[in-house]
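Following: one structure in C-alpha cells, then a few remarks.
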There are 2 protein chains.
Amino acid sequence: MSETPVTTPPARVPTLGDVALEAGVSLATASRVLNGSQRRVADDFRVRVEAAAERLGYTANLSAQTTARGTSAVVALLVADIADPYFGQLAAGVTRAAEAAGLITTIAITERDPERELRLVRTLRGQRPRGIILATSRDDSVDPEPLIRELQNATSAGARVVTLGAGLPGTRTVAFDNRAGARDLGARVAGLGYREAIVLAAAEGVRTSDDRVAGFTEGFTDGGGRVARVLRGGISRDSGYEAASEVLRDEPAEGTLLFGISDVVAIGALSAVRDAGRTPGADIAVAGFDDIAAGRDIVPGITTVHVPLERVGEQALEATSAEEWQPSALPLEVVLRDSTPPRA
Amino acid sequence: MSETPVTTPPARVPTLGDVALEAGVSLATASRVLNGSQRRVADDFRVRVEAAAERLGYTANLSAQTTARGTSAVVALLVADIADPYFGQLAAGVTRAAEAAGLITTIAITERDPERELRLVRTLRGQRPRGIILATSRDDSVDPEPLIRELQNATSAGARVVTLGAGLPGTRTVAFDNRAGARDLGARVAGLGYREAIVLAAAEGVRTSDDRVAGFTEGFTDGGGRVARVLRGGISRDSGYEAASEVLRDEPAEGTLLFGISDVVAIGALSAVRDAGRTPGADIAVAGFDDIAAGRDIVPGITTVHVPLERVGEQALEATSAEEWQPSALPLEVVLRDSTPPRA
DNA sequence: TTGTAAGCGTTATCAG
DNA sequence: CTGATAACGCTTACAA
C-alpha cells in the first residue's frame, strides 16, 4: 500500500517559483493563476500551472501573501473562556461563518482579565487580521482607554473591530438588548406570582450583568415583586453554586426566586438548591439568561431568555466583513419552563 | 471623555523601519532589541529603541516575521465541533498552554467531514504552523492516505503534527486508552448487578467509538452481562436522544443499562428516558464516557469514565513543542454515580 | 556592538 | 496576455 520512506523526502516546501519553473512560466503568471483575483491568463498556461501545482503539492504561503498584500485572511476572536458553553456556541457561529467566507479564525482566551485582553489584542494586531471580534464583556470598573487606543491602532491597520453587546467607540456592535430581555423575564415571573427574588450577578461594573440586573429588577418590581438581594459572586457555574449556597443558608422562604444572570450561573444555583435538600422549581424557583443548549438536559427545565448565540456569532463575523454596518439588535425571547412553576 | 477624531489618523501602521528612524539606529539594531532572541545590544540603544517603539505603538508584523524566519508562532487546532463541551474543554487546555508558551492558537472546525478536514489541513498548512493538533476522531471507513500525505507535507514544512487518540503514521500521539477505560466501566456496572446493556455508538469505523464499544462489551460480558444491541446513531446529544427513544419504544426491561459512548450521547439518552416517562437510574440505567464538566449538573449524576480533557489539551500542545516525544497514555478512571444504582 | 545588504515567498506595477 | 522587477516588513549572515 503506502510506502513511507525512511528518510525525510525533499523537506523543502514547494514555492510559487518552483511551480513556475515546473510549468515553464514566469512567477507572475503562476501567481495570477493560483492566487490572483482577476483571471486574465490564457487557458493553456492556466492548465499547465495548475497541473504543476498539483504535482508539487503546492500551497500558498499565507504569511508571504499577507506581507505582500498587506492584509490577511484571518479573523481574530477573543473570548473570556472557551470551555464555557456560551462562548462555545458563539465561537461555533463565528467559525462557521468565517469558513464560509474563506477566512481563518484565530481564538484567544482572556480569562476575564483586562490586562490579558489588552496584551492579546496587541499580539493579535500583529497578525494584521481583517477583523477582531471582542466577545468579552465590558467592565466599567476598568479604564477602557488603553483598550480603545489599542483597538484604534488595529483599526488603522485595516482591521474591523466588532464588539459584542456593549459597544466601544470606533467599533461595530452586534447587540441584543439585555436590559429589555431581563425586564421581560422579570415581568413574566412576577406574572406567575413570584414576589421575592434574589439575584446572582457578576461584580458591579460588568456591563452585561449590570444590564440584566437592572432590567430584571425593573420588570419584577413593576410586576409587584421585590428584589430582596443582589449577590455579586461571579459569572461561572461555580460562583452560581456558591452564591446560591450562601443564600440557602438563610433558609429563604418557599417560593423565592433565584435569578442567575446567565444560564451557567443559574444551573450552578439549581444544583446548589438541590444539594441543600430543597426542590428547585416547586420549592425555590430558578431562572437564567442565554438559553444555552446544555440547558435542555437540566431538570427541571430552566426558565430563561433565549439568545440566538450562533446567529450572534455569525452576525459578528458579517460585521467584520461588510462594507457598511448598522448596529442590529437581535430579538430576545423569554422561555418559561418548569424551574418557575406558576404560583397560586 | 474620549475624543474620537473625525478623520482617520495616520492610517499607517508603524513599521520596524519607523521605529529605527525614530530611535536613530539601524533597522538591524531595532530588530535585535524588539524581536531578536539573542540580546547583544548596548543598554542605551536598547532603551532608545524601546522608547521609540512605545511612542509609536509598534507591534511586530507577525506575517513578515514568519516569512523572514520561515516559521511561525501559530499552532493550529482542528476539532469536530467547538460547541460540543468535550472539544470546548480540550480547546481550553490547548489554548491555555499555547498562550503560556507564547503561541497563538488557530481553531478550525471539521464538522466531522473528512473532506473538509483535508481541505482545512491544506489551508492551515499555508500558515506554516509550528504545530497541528488533530482532535477529530479517525474513521476507519475513510481512506486515510490523502490526509496522511497532506500531513506529511505539513511535517516537511516544519510543523509537528499531533493526533489525539488514534495515531496516524508520522504523527505524535496523545492518547488515553478508550478500550481499557470502557472495559473497566463494563466490569464495574456488571459488578453492580446489571445484566443487559444496550450501547449507543457512532457509525462503525469511528475509532474512538469502536474502541469504547469493544472495551465495554468485553468488560460487561466478562462480568456476566450481555450486550443486547449496539445502535450506531451518531455522536451528538441529539443522536443519543433519538437512539434512546428508539430503544425505549420496545419497552426494555427495568434494569436495562444504556451505555452512550460519550457523555454527550449519554446525556441525550438520559433525557429521552425521562421524556419517555421512565426514571433514569432506578428504572433504566445510563452510563457515559468522558466526564465532561456539564455532567455535574445532570440529575441523576451520570456514571462515566473520567478523561482529563484539559490536561489532554495541554499535553497535545506540549507534544507540538517538545523536541522529543514519547507517546503517553493518560490514566482513565471510572466514576460511579446515581445513574447506575446498584441492583440487588 | 552596530550597520549593510541579501534574502524570505508573494503581489503588483509597468513595460513589452 | 505575459514577464521583469520593485515592493511588503522583517531577519540574519557578513562586514565594519
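Values below: all heavy atoms of this structure, side chains included; hydrogens, waters and symmetry mates excluded.
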Base, sugar-phosphate or nothing for B:Ala28? Non-hydrogen atoms, less than 4.0 Å. base

For B:Arg125 and C:dG9, give me the distance from atom CZ to atom C1', rounded to whole Å. 14 Å

side-chain N/O A:Ser26 vs D:dA4 OP1/OP2, d < 4.0 Å: no

Would you tell me whether B:Gln315 and B:Ser328 have side-chain atoms, one donor and one acceptor, within less than 3.5 Å of each other? yes

Could you tell me whether the side chain of B:Arg69 has a donor or acceptor atom within less than 3.5 Å of a complementary atom in the base of C:dG7? no

Please determine whether any donor N or O and acceptor N or O are separated by less than 3.5 Å between the side chain of B:Ser63 and the base of D:dG9. no

Heavy atoms only, 4.0 Å cut-off, all strands: where does B:Thr67 land among base, sugar-phosphate and nothing? base

Does D:dC10 have OP1 or OP2 under 4.0 Å away from a side-chain N or O of B:Thr15? yes

So B:Thr29, base contact, sugar-phosphate only, or nothing? Heavy-atom distance under 4.0 Å. sugar-phosphate

Taking only N and O in the side chain of A:Asn35, is any of them less than 4.0 Å away from OP1 or OP2 of C:dT11? yes

Hey, is the side chain of B:Arg32 pairing donor to acceptor with the base of C:dG3 inside 3.5 Å? yes

Closer than 4.0 Å, any side-chain N/O of B:Gln65 to the OP1 or OP2 of D:dC10? no

Taking for each residue the nucleotide of DNA chain D with the nearest heavy atom, is it A:Leu27 or A:Ala42 whose nucleotide lies nearer the 5' end? A:Ala42

How about A:Arg130 and A:Arg160: do any of their side-chain heavy atoms sit closer than 4.5 Å? no

Result for 5'-nearest mapping on DNA chain C, choosing between B:Phe45 and B:Ala68, is B:Phe45

Between C:dG9 (C1') and A:Leu21 (CG): distance, integer Å: 15 Å

On DNA chain C, compare the nucleotides closest to B:Val25 and A:Pro14; which residue's is nearer the 5' end? B:Val25

How about B:Ser63 and B:Thr66: does a side-chain donor come under 3.5 Å of a side-chain acceptor? no

Quickly work out the A:Leu16 CG to D:dG3 P distance and round it to whole Å. 13 Å

Any side-chain heavy atom of B:Thr106 sitting closer than 4.5 Å to one from A:Ile107? no

Ignoring backbone atoms, establish whether A:Ser31 has a side-chain N or O less than 4.0 Å from OP1 or OP2 of C:dT10. no

Between C1' of C:dC8 and CG of A:Leu62, the distance in whole Å: 15 Å

Nearest-Å distance, CD (B:Gln127) to C1' (C:dG9)? 16 Å

I would like to know whether B:Glu22 and B:Arg48 meet salt bridge (charged side-chain N to carboxylate O under 4.0 Å, His left out); could you show each step before the answer? CA-CA 9 Å; B:Glu22 171 90 7; B:Arg48 254 164 50 200; over 6 Å; no

Would you kindly give the CG-to-P distance between B:Asn61 and C:dC8, to the nearest whole Å? 18 Å

